[in-house]
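Single-structure report; data block below.
All of these numbers come straight from a predicted model, not from anything done at the bench.
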Amino acid sequence: MKQIRLFVIMMVATLVVSCGTTSTVPITGRQQTLMVSDGEVLSLSTQQYQEFMKSAKLSTNATNTAMVKRVGQNLANAVSNYLRNNGMASELNNFAWEFNLVQDKQVNAWCMPGGKIVVYEGLLPVTQNEASLAIVLGHEIAHAVAKHSAEQLSTQVKQQYAMQIGSVLAGALGMGQNTQSIVQAIAAQGFNFKNLSYSRNHETEADHMGLIFAAMAGYDPQVATTFWQRMAASSNNQTAEFLSDHPSDATRIKNIQGWMPEALQYYKKK
(Lines give C-alpha, C1' and ligand atoms only; values in the text may rest on other atoms or scores of the structure.)
Protein backbone atom coordinates (compact mmCIF):
# COMPACT_ATOMS: atom_id res chain seq x y z
CA MET A 1 0.00 0.00 0.00
CA LYS A 2 2.81 2.37 0.90
CA GLN A 3 4.51 1.74 -2.46
CA ILE A 4 1.28 2.53 -4.30
CA ARG A 5 0.90 5.76 -2.33
CA LEU A 6 4.45 6.82 -3.09
CA PHE A 7 3.92 6.04 -6.77
CA VAL A 8 0.80 8.26 -6.86
CA ILE A 9 2.68 11.08 -5.12
CA MET A 10 5.52 10.88 -7.63
CA MET A 11 3.06 10.91 -10.51
CA VAL A 12 1.38 14.04 -9.11
CA ALA A 13 4.77 15.70 -8.68
CA THR A 14 5.66 14.90 -12.30
CA LEU A 15 2.40 16.38 -13.55
CA VAL A 16 2.95 19.57 -11.54
CA VAL A 17 6.43 20.02 -12.99
CA SER A 18 5.30 19.33 -16.55
CA CYS A 19 2.20 21.54 -16.65
CA GLY A 20 2.20 25.14 -17.83
CA THR A 21 2.73 26.87 -21.15
CA THR A 22 6.08 27.43 -22.84
CA SER A 23 6.95 30.74 -24.50
CA THR A 24 10.04 32.45 -25.89
CA VAL A 25 11.47 35.68 -24.49
CA PRO A 26 12.00 38.31 -27.22
CA ILE A 27 15.59 39.33 -28.03
CA THR A 28 17.28 36.68 -25.85
CA GLY A 29 15.31 33.68 -27.16
CA ARG A 30 15.20 32.07 -23.72
CA GLN A 31 12.45 29.48 -23.19
CA GLN A 32 10.22 29.91 -20.15
CA THR A 33 7.39 27.88 -18.64
CA LEU A 34 4.47 29.85 -17.20
CA MET A 35 1.79 28.47 -14.92
CA VAL A 36 -0.26 31.67 -14.77
CA SER A 37 -2.09 33.32 -17.66
CA ASP A 38 -1.55 36.81 -19.05
CA GLY A 39 -5.06 37.68 -17.91
CA GLU A 40 -4.36 36.67 -14.32
CA VAL A 41 -1.14 38.66 -14.17
CA LEU A 42 -2.68 41.74 -15.80
CA SER A 43 -5.63 41.64 -13.39
CA LEU A 44 -3.31 41.59 -10.36
CA SER A 45 -1.01 44.29 -11.75
CA THR A 46 -3.89 46.59 -12.68
CA GLN A 47 -5.25 46.40 -9.14
CA GLN A 48 -1.85 47.16 -7.61
CA TYR A 49 -1.20 50.01 -10.04
CA GLN A 50 -4.54 51.62 -9.33
CA GLU A 51 -3.93 51.38 -5.59
CA PHE A 52 -0.52 53.00 -5.98
CA MET A 53 -1.81 55.86 -8.11
CA LYS A 54 -4.52 56.68 -5.55
CA SER A 55 -1.88 57.80 -3.06
CA ALA A 56 0.89 58.91 -5.44
CA LYS A 57 1.49 62.60 -6.08
CA LEU A 58 2.18 63.41 -9.71
CA SER A 59 5.10 65.70 -10.45
CA THR A 60 4.27 69.36 -10.99
CA ASN A 61 7.33 69.81 -13.23
CA ALA A 62 5.80 70.01 -16.69
CA THR A 63 9.13 69.78 -18.53
CA ASN A 64 10.30 66.63 -16.75
CA THR A 65 6.85 65.05 -17.00
CA ALA A 66 6.81 65.67 -20.75
CA MET A 67 10.29 64.13 -21.04
CA VAL A 68 9.25 60.96 -19.22
CA LYS A 69 6.17 60.58 -21.42
CA ARG A 70 8.17 61.28 -24.59
CA VAL A 71 10.95 58.80 -23.81
CA GLY A 72 8.46 56.21 -22.61
CA GLN A 73 6.34 56.50 -25.73
CA ASN A 74 9.38 56.28 -28.01
CA LEU A 75 10.36 53.04 -26.29
CA ALA A 76 6.80 51.70 -26.42
CA ASN A 77 6.68 52.40 -30.17
CA ALA A 78 10.01 50.64 -30.72
CA VAL A 79 8.92 47.60 -28.70
CA SER A 80 5.57 47.46 -30.49
CA ASN A 81 7.26 47.59 -33.89
CA TYR A 82 9.69 44.85 -32.89
CA LEU A 83 6.92 42.53 -31.68
CA ARG A 84 4.80 43.26 -34.75
CA ASN A 85 7.69 42.62 -37.14
CA ASN A 86 8.77 39.39 -35.45
CA GLY A 87 5.53 37.44 -35.42
CA MET A 88 4.51 38.46 -31.89
CA ALA A 89 1.81 41.02 -32.68
CA SER A 90 -0.64 39.19 -30.38
CA GLU A 91 1.52 40.22 -27.41
CA LEU A 92 0.52 43.84 -28.03
CA ASN A 93 -2.90 43.01 -26.57
CA ASN A 94 -1.20 42.80 -23.16
CA PHE A 95 -0.12 46.44 -23.18
CA ALA A 96 -1.95 49.69 -22.52
CA TRP A 97 1.00 52.04 -22.07
CA GLU A 98 0.94 54.75 -19.44
CA PHE A 99 3.83 56.90 -18.19
CA ASN A 100 3.90 58.92 -14.96
CA LEU A 101 6.47 60.99 -13.09
CA VAL A 102 5.72 61.10 -9.35
CA GLN A 103 6.96 63.23 -6.48
CA ASP A 104 9.38 60.99 -4.64
CA LYS A 105 13.09 61.37 -3.84
CA GLN A 106 13.83 57.69 -4.35
CA VAL A 107 16.18 56.84 -7.21
CA ASN A 108 13.73 54.43 -8.76
CA ALA A 109 11.41 53.55 -11.65
CA TRP A 110 9.27 50.52 -12.48
CA CYS A 111 7.01 49.06 -15.12
CA MET A 112 4.15 46.78 -14.21
CA PRO A 113 2.84 44.08 -16.54
CA GLY A 114 0.59 45.84 -19.00
CA GLY A 115 2.96 48.76 -19.56
CA LYS A 116 2.17 50.95 -16.54
CA ILE A 117 5.39 52.89 -15.98
CA VAL A 118 6.24 55.09 -13.01
CA VAL A 119 9.39 57.20 -12.67
CA TYR A 120 10.34 58.82 -9.36
CA GLU A 121 11.70 62.38 -9.48
CA GLY A 122 14.77 61.26 -7.50
CA LEU A 123 15.97 59.27 -10.52
CA LEU A 124 16.33 62.24 -12.86
CA PRO A 125 19.42 63.83 -11.23
CA VAL A 126 21.21 60.52 -11.83
CA THR A 127 20.00 59.91 -15.40
CA GLN A 128 20.80 63.55 -16.33
CA ASN A 129 19.68 63.13 -19.94
CA GLU A 130 17.04 61.48 -22.11
CA ALA A 131 19.30 58.71 -23.39
CA SER A 132 20.16 57.56 -19.87
CA LEU A 133 16.49 57.73 -18.90
CA ALA A 134 15.79 55.52 -21.92
CA ILE A 135 18.29 52.97 -20.58
CA VAL A 136 16.35 52.80 -17.30
CA LEU A 137 12.91 52.69 -18.88
CA GLY A 138 14.10 50.15 -21.46
CA HIS A 139 15.20 47.94 -18.58
CA GLU A 140 11.87 48.28 -16.77
CA ILE A 141 9.84 47.71 -19.94
CA ALA A 142 11.95 44.61 -20.62
CA HIS A 143 10.71 43.07 -17.36
CA ALA A 144 7.14 43.42 -18.64
CA VAL A 145 7.88 42.22 -22.18
CA ALA A 146 9.79 39.20 -20.87
CA LYS A 147 6.91 38.38 -18.48
CA HIS A 148 9.24 38.20 -15.51
CA SER A 149 6.38 38.78 -13.05
CA ALA A 150 4.45 35.84 -14.50
CA GLU A 151 7.59 33.74 -14.25
CA GLN A 152 8.11 34.68 -10.59
CA LEU A 153 4.49 33.86 -9.81
CA SER A 154 4.86 30.56 -11.63
CA THR A 155 7.91 29.74 -9.52
CA GLN A 156 5.94 30.44 -6.35
CA VAL A 157 3.13 28.16 -7.53
CA LYS A 158 5.62 25.35 -8.22
CA GLN A 159 7.22 25.85 -4.82
CA GLN A 160 3.88 25.66 -3.04
CA TYR A 161 3.06 22.43 -4.84
CA ALA A 162 6.50 21.05 -4.04
CA MET A 163 6.14 21.88 -0.34
CA GLN A 164 2.72 20.23 -0.20
CA ILE A 165 3.95 17.14 -2.01
CA GLY A 166 7.05 17.05 0.20
CA SER A 167 4.94 17.13 3.33
CA VAL A 168 2.78 14.23 2.12
CA LEU A 169 5.85 12.31 1.02
CA ALA A 170 7.54 12.81 4.39
CA GLY A 171 4.45 11.49 6.15
CA ALA A 172 4.30 8.50 3.85
CA LEU A 173 7.92 7.67 4.67
CA GLY A 174 7.10 7.65 8.36
CA MET A 175 9.01 10.80 9.32
CA GLY A 176 8.13 12.37 12.65
CA GLN A 177 6.67 15.88 12.88
CA ASN A 178 9.99 17.41 13.97
CA THR A 179 11.81 15.84 11.05
CA GLN A 180 9.13 17.06 8.64
CA SER A 181 9.49 20.60 10.02
CA ILE A 182 13.25 20.54 9.49
CA VAL A 183 12.86 19.23 5.94
CA GLN A 184 10.35 21.96 5.12
CA ALA A 185 12.56 24.66 6.69
CA ILE A 186 15.57 23.53 4.63
CA ALA A 187 13.41 23.45 1.50
CA ALA A 188 12.08 26.94 2.20
CA GLN A 189 15.62 28.29 2.67
CA GLY A 190 16.73 26.59 -0.52
CA PHE A 191 13.86 28.13 -2.43
CA ASN A 192 14.75 31.52 -1.00
CA PHE A 193 18.29 31.43 -2.34
CA LYS A 194 17.06 30.07 -5.65
CA ASN A 195 14.67 33.00 -5.93
CA LEU A 196 17.50 35.45 -5.28
CA SER A 197 19.56 33.93 -8.07
CA TYR A 198 16.51 33.74 -10.29
CA SER A 199 15.89 37.45 -9.79
CA ARG A 200 19.48 38.26 -10.72
CA ASN A 201 18.96 36.32 -13.94
CA HIS A 202 15.89 38.43 -14.67
CA GLU A 203 17.75 41.65 -13.93
CA THR A 204 20.54 40.63 -16.29
CA GLU A 205 18.06 39.70 -19.01
CA ALA A 206 16.29 43.04 -18.56
CA ASP A 207 19.62 44.87 -18.85
CA HIS A 208 20.28 43.08 -22.15
CA MET A 209 16.81 43.63 -23.60
CA GLY A 210 16.55 47.18 -22.29
CA LEU A 211 19.80 48.16 -23.97
CA ILE A 212 18.46 46.87 -27.29
CA PHE A 213 15.08 48.58 -26.82
CA ALA A 214 16.77 51.92 -26.10
CA ALA A 215 18.88 51.57 -29.25
CA MET A 216 15.79 50.65 -31.28
CA ALA A 217 14.09 53.80 -30.01
CA GLY A 218 16.96 55.96 -31.28
CA TYR A 219 18.88 56.49 -28.03
CA ASP A 220 22.63 55.95 -27.92
CA PRO A 221 23.14 52.73 -25.91
CA GLN A 222 26.75 53.73 -25.15
CA VAL A 223 25.50 56.07 -22.40
CA ALA A 224 24.55 52.99 -20.37
CA THR A 225 28.08 52.48 -19.08
CA THR A 226 28.47 55.99 -17.65
CA PHE A 227 24.91 55.94 -16.31
CA TRP A 228 25.46 52.74 -14.33
CA GLN A 229 28.76 54.13 -13.10
CA ARG A 230 26.84 57.11 -11.72
CA MET A 231 24.31 54.74 -10.18
CA ALA A 232 27.12 52.80 -8.54
CA ALA A 233 28.63 56.01 -7.16
CA SER A 234 25.28 57.08 -5.69
CA SER A 235 24.56 53.68 -4.13
CA ASN A 236 25.41 52.69 -0.58
CA ASN A 237 24.46 49.06 -1.16
CA GLN A 238 27.35 46.82 -0.11
CA THR A 239 25.40 43.54 -0.18
CA ALA A 240 27.40 40.61 -1.55
CA GLU A 241 26.25 39.73 -5.07
CA PHE A 242 25.30 36.13 -4.23
CA LEU A 243 22.86 37.46 -1.61
CA SER A 244 21.43 40.21 -3.79
CA ASP A 245 18.58 40.13 -6.29
CA HIS A 246 20.58 42.44 -8.58
CA PRO A 247 23.94 41.83 -10.23
CA SER A 248 26.84 43.79 -8.77
CA ASP A 249 27.62 47.13 -10.40
CA ALA A 250 30.88 45.75 -11.82
CA THR A 251 29.12 42.68 -13.27
CA ARG A 252 26.33 44.78 -14.76
CA ILE A 253 28.75 47.19 -16.47
CA LYS A 254 30.88 44.33 -17.80
CA ASN A 255 27.78 42.64 -19.25
CA ILE A 256 26.59 45.86 -20.88
CA GLN A 257 29.96 46.38 -22.54
CA GLY A 258 29.75 42.84 -23.89
CA TRP A 259 26.30 43.47 -25.39
CA MET A 260 27.23 46.86 -26.86
CA PRO A 261 28.18 45.65 -30.38
CA GLU A 262 24.78 43.97 -30.68
CA ALA A 263 22.96 47.07 -29.41
CA LEU A 264 24.79 49.37 -31.82
CA GLN A 265 23.46 47.32 -34.74
CA TYR A 266 19.98 48.55 -33.82
CA TYR A 267 20.99 52.15 -33.13
CA LYS A 268 20.05 54.82 -35.63
CA LYS A 269 20.65 58.35 -34.39
CA LYS A 270 17.55 60.55 -34.48
Side-chain angles (χ1 to χ4, degrees), residues 18-49 68-99 109-119 133-158 198-221 224 255-256 258-268 270:
S18 63
C19 67
T21 60
T22 301
S23 62
T24 302
V25 179
I27 303 294
T28 67
R30 180 176 64 86
Q31 297 291 301
Q32 58 185 178
T33 300
L34 304 178
M35 299 182 69
V36 293
S37 68
D38 292 333
E40 290 168 330
V41 174
L42 291 174
S43 177
L44 289 171
S45 66
T46 298
Q47 292 174 21
Q48 292 181 9
Y49 175 73
V68 167
K69 292 183 181 296
R70 179 172 58 253
V71 174
Q73 192 59 59
N74 287 340
L75 283 161
N77 292 342
V79 169
S80 297
N81 288 335
Y82 175 83
L83 294 175
R84 193 176 293 112
N85 294 333
N86 287 272
M88 293 176 279
S90 60
E91 293 296 323
L92 297 175
N93 296 327
N94 295 324
F95 294 97
W97 301 99
E98 190 172 328
F99 314 96
W110 44 262
C111 176
M112 281 192 177
K116 308 302 183 185
I117 296 172
V118 171
V119 177
L133 178 60
I135 297 297
V136 179
L137 296 191
H139 171 98
E140 299 303 331
I141 287 173
H143 280 305
V145 173
K147 301 185 179 182
H148 286 162
S149 294
E151 214 168 348
Q152 290 282 16
L153 286 171
S154 298
T155 298
Q156 292 176 19
V157 170
K158 292 177 185 177
Y198 192 73
S199 293
R200 286 201 303 274
N201 292 338
H202 279 180
E203 290 297 331
T204 298
E205 187 169 58
D207 280 345
H208 183 185
M209 295 173 64
L211 193 70
I212 303 299
F213 289 156
M216 287 178 179
Y219 296 101
D220 186 355
N255 287 338
I256 286 172
W259 297 318
M260 195 59 64
E262 178 188 3
L264 288 172
Q265 293 179 11
Y266 291 94
Y267 174 52
K268 294 182 179 180
K270 291 183 178 181

Flag side-chain contact, heavy atom, 4.5 Å: [X] against [Y]:
X	Y	result
Trp110	Ile117	no
Asp207	Asn255	no
Leu264	Pro221	yes
Met88	Tyr82	yes

- Do the ring planes of Trp97 and Phe95 sit parallel (below 30°), tilted (30 to 60°) or perpendicular (above 60°)?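 Trp97 and Phe95: parallel rings.
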- Ring geometry between Trp259 and His208 (parallel below 30°, tilted from 30 to 60°, perpendicular above 60°):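 Taking Trp259 first and then His208, their aromatic rings lie parallel (interplane angle under 30°).
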- Query: Can you list every salt bridge (Lys or Arg N to Asp or Glu O under 4.0 Å) pair that touches residues 34-46, not counting sequence neighbours?
  - Reply: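 Residue pairs with at least one partner in residues 34-46: Asp38-Lys147.
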- Item | Pairs flagged by salt bridge (Lys or Arg N to Asp or Glu O under 4.0 Å) wherever residues 75-87 is involved - sequence neighbours left out |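 Salt bridge (Lys or Arg N to Asp or Glu O under 4.0 Å) check on residues 75-87 returns no pairs.
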Looking at every heavy atom in both [X] and [Y], which two are closest together, and how far apart are they?
X	Y	answer
Leu75	Ala134	CD1-O, 3.7 Å
Ala109	Val136	CB-CG1, 4.0 Å
Val25	Ala146	CG1-CB, 3.7 Å

Main-chain N/O of [Y] paired to [X] side chain as donor or acceptor, under 3.5 Å:
X	Y	value
Lys268	Ala215	no
Ser80	Ala76	yes
Asn93	Ser90	yes
Ser45	Pro113	yes
Lys116	Glu98	no

Enter the distance from [X]:[atom1] to [Y]:[atom2] here, rounded to the nearest 0.5 Å.
X	Y	atom1	atom2	result
Leu34	Thr22	CG	OG1	8.0 Å
Gln265	Met260	CD	CE	12.5 Å
Cys111	Ile141	SG	CD1	5.5 Å
Met216	Ile27	CE	CD1	4.0 Å

- Message: Working note: Phe213 + Leu137, criterion side-chain contact (heavy atoms from CB on, under 4.5 Å); need CA distance, chi angles, decisive distance, verdict.
- Response: CA-CA 9 Å; Phe213 289 156; Leu137 296 191; over 6 Å; no
- Message: Under 4.0 Å between a side-chain nitrogen and a carboxylate oxygen: does that hold for Glu151 and Arg30?
- Response: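 Judged by the 4.0 Å cut-off on N to carboxylate O distance, Glu151 and Arg30 do form a salt bridge.
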- Residue pair Glu91, Val79: steps toward the side-chain contact (heavy atoms from CB on, under 4.5 Å) verdict: CA-CA 11 Å; Glu91 293 296 323; Val79 169; over 6 Å; no
- Item | Short side-chain donor-acceptor distance under 3.5 Å, His143 and Glu205 |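 There is no such pair (donor and acceptor under 3.5 Å, judged by atom type) between the side chains of Glu205 and His143.
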- Item | side chain to side chain contact (heavy atoms under 4.5 Å, CB included) partner of Tyr219, chosen from Val71, Leu211, Ile135 |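 Exactly one candidate clears the test, Val71.
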